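Just the heavy atoms: all of them, side chains too, but no hydrogens, waters or symmetry mates, feed the values below. A quick note: this is a predicted structure, and the numbers were derived from the prediction, not measured. Throughout, numbering of the chain's residues begins at 1 and tracks the sequence. We count ligands from 1, going down the list as the structure has it; atoms in each ligand are counted the same way.
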Amino acid sequence: MSDLRLEISKDFAFDAAHYFQFKDGDHPFSRMHGHSFAGTVTLSGEPAAESGMVKDFWEIDAEIAKLRDQLDHRLLNEVEGLEHPSLEALARWVFERLDPVLPGLIAVEIRRPSCGEKAVVRRG
Ligand SMILES: Nc1nc2c(c(=O)[nH]1)N=C([C@H](O)[C@H](O)COP(=O)(O)OP(=O)(O)OP(=O)(O)O)CN2
Ligand SMILES: [Zn+2]
């Protein structure tokens, strides 16, 4: 049993606008536009004896909700730390903010389901 690792994941979603300044002139990416984003937060650990849970999903959801509030229906370029709001930057931004408050955090994935694109930040 000792070589088995237990992981739990919680999904979330938000809608937001962004633009990229690195593209020239009238490039579609340089114009403000919106996406529906999805994310997954993954923790690893041993279930506590008294609850059988690695971490109560409600507690994970409460931490995600605080960040979601800073992203949902926002212009991401205006969010501190997201001046270049790629999927890569979003995944790192979420990981860095959840890491201090969610012990056992091992990965944050941010996806754009409409086009099958994603970025993952993983510990290690
Ligand atoms: N490595 C990355 N490449 C690109 C990113 C990124 O975050 N990381 N982002 C973009 C832009 O956001 C671009 O707007 C994505 O466009 P596209 O893939 O064409 O997706 P849609 O506009 O079709 O998405 P919908 O949400 O379906 O409208 C480009 N590259
Ligand atoms: Zn975009």
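- Under the 4.5 Å side-chain heavy-atom criterion for Ile, Leu, Val, Met, Phe, Trp and Tyr, Phe14 and Leu98 are members of the same hydrophobic cluster.
- Of the protein's heavy atoms, none falls inside 4.0 Å of atom 23 (O) of ligand 1.
- Within the 4.0 Å heavy-atom criterion, the part of Cys115 lying near ligand 1 is the side chain and not the backbone.
- The shortest side-chain heavy-atom distance between Gln70 and Leu82 does not fall under the 4.5 Å cut-off.
- Counting only non-hydrogen atoms, the option in His84, His33, His27, Arg31 that gets closest to atom 14 (O) of ligand 1 is His33.
- Every atom of ligand 1 with a heavy atom of Phe29 under 4.0 Å away is listed here by number and element: 13 (C), 14 (O), 16 (O), 29 (C), 30 (N).
- Counting protein heavy atoms only, atom 5 (C) of ligand 1 is closest to Arg112 NH2, 3.4 Å.
- Under the 4.0 angstrom criterion, atom 3 (N) of ligand 1 counts as lacking any protein heavy-atom contact.
- When all heavy atoms of Lys10 and Ile60 are compared, the closest pair comes out as CB-CG2, 3.9 Å.
- Arg68 contributes a side-chain N or O that, together with a main-chain N or O of Ala13, makes up a donor-acceptor pair within less than 3.5 Å.
- Counting heavy atoms from C-beta outward, Asp26 and Arg31 have side chains that approach closer than 4.5 Å.
- Of all the heavy atoms in Leu43 and Pro103, the pair that sits closest is CD2-O, 3.7 Å.
- When side chains are defined from C-beta on, Ser86 counts as touching Phe20, because their heavy atoms get closer than 4.5 Å.
- For the pair Trp93 (side chain) and Val79 (backbone), a donor-acceptor distance under 3.5 Å is absent.
- For ligand 1, the atoms lying closer than 4.0 Å to a non-hydrogen atom of Glu88 are 1 (N), 2 (C), 6 (C), 7 (O), 8 (N).
- Annotation: the span from Leu6 atom CG to Met53 atom CE amounts to 12.5 Å, rounded to 0.5 Å.
- Within a 4.0 Å radius of atom 7 (O) of ligand 1, the protein contributes at least one heavy atom.
- Note: His33 and His18 have perpendicular aromatic rings, judged against thresholds of 30 and 60 degrees for the angle between ring planes.
- Residue His18 approaches ligand 1 through these ligand atoms, each under 4.0 Å from one of its heavy atoms: 12 (O).
- Here the protein heavy atom with the shortest distance to atom 26 (O) of ligand 1 is His35 ND1, 2.8 Å.
- Atoms of ligand 1 lying under 4.0 Å from at least one heavy atom of Leu87, given by number and element, are 6 (C), 7 (O).
- Expressed to the nearest 10°, the angle at the Zn ion (ligand 2) joining NE2 in His33 with NE2 in His18 is 100°.
- In this structure, atom 25 (P) of ligand 1 lies nearest to the protein heavy atom Ser114 OG, 3.3 Å.
- Close approach of ligand 1 to Glu117 (heavy-atom distance below 4.0 Å) involves ligand atoms 18 (O).
- Distance from atom 11 (C) of ligand 1 to its nearest protein heavy atom, with residue and atom name: Phe20 CE1, 3.6 Å.
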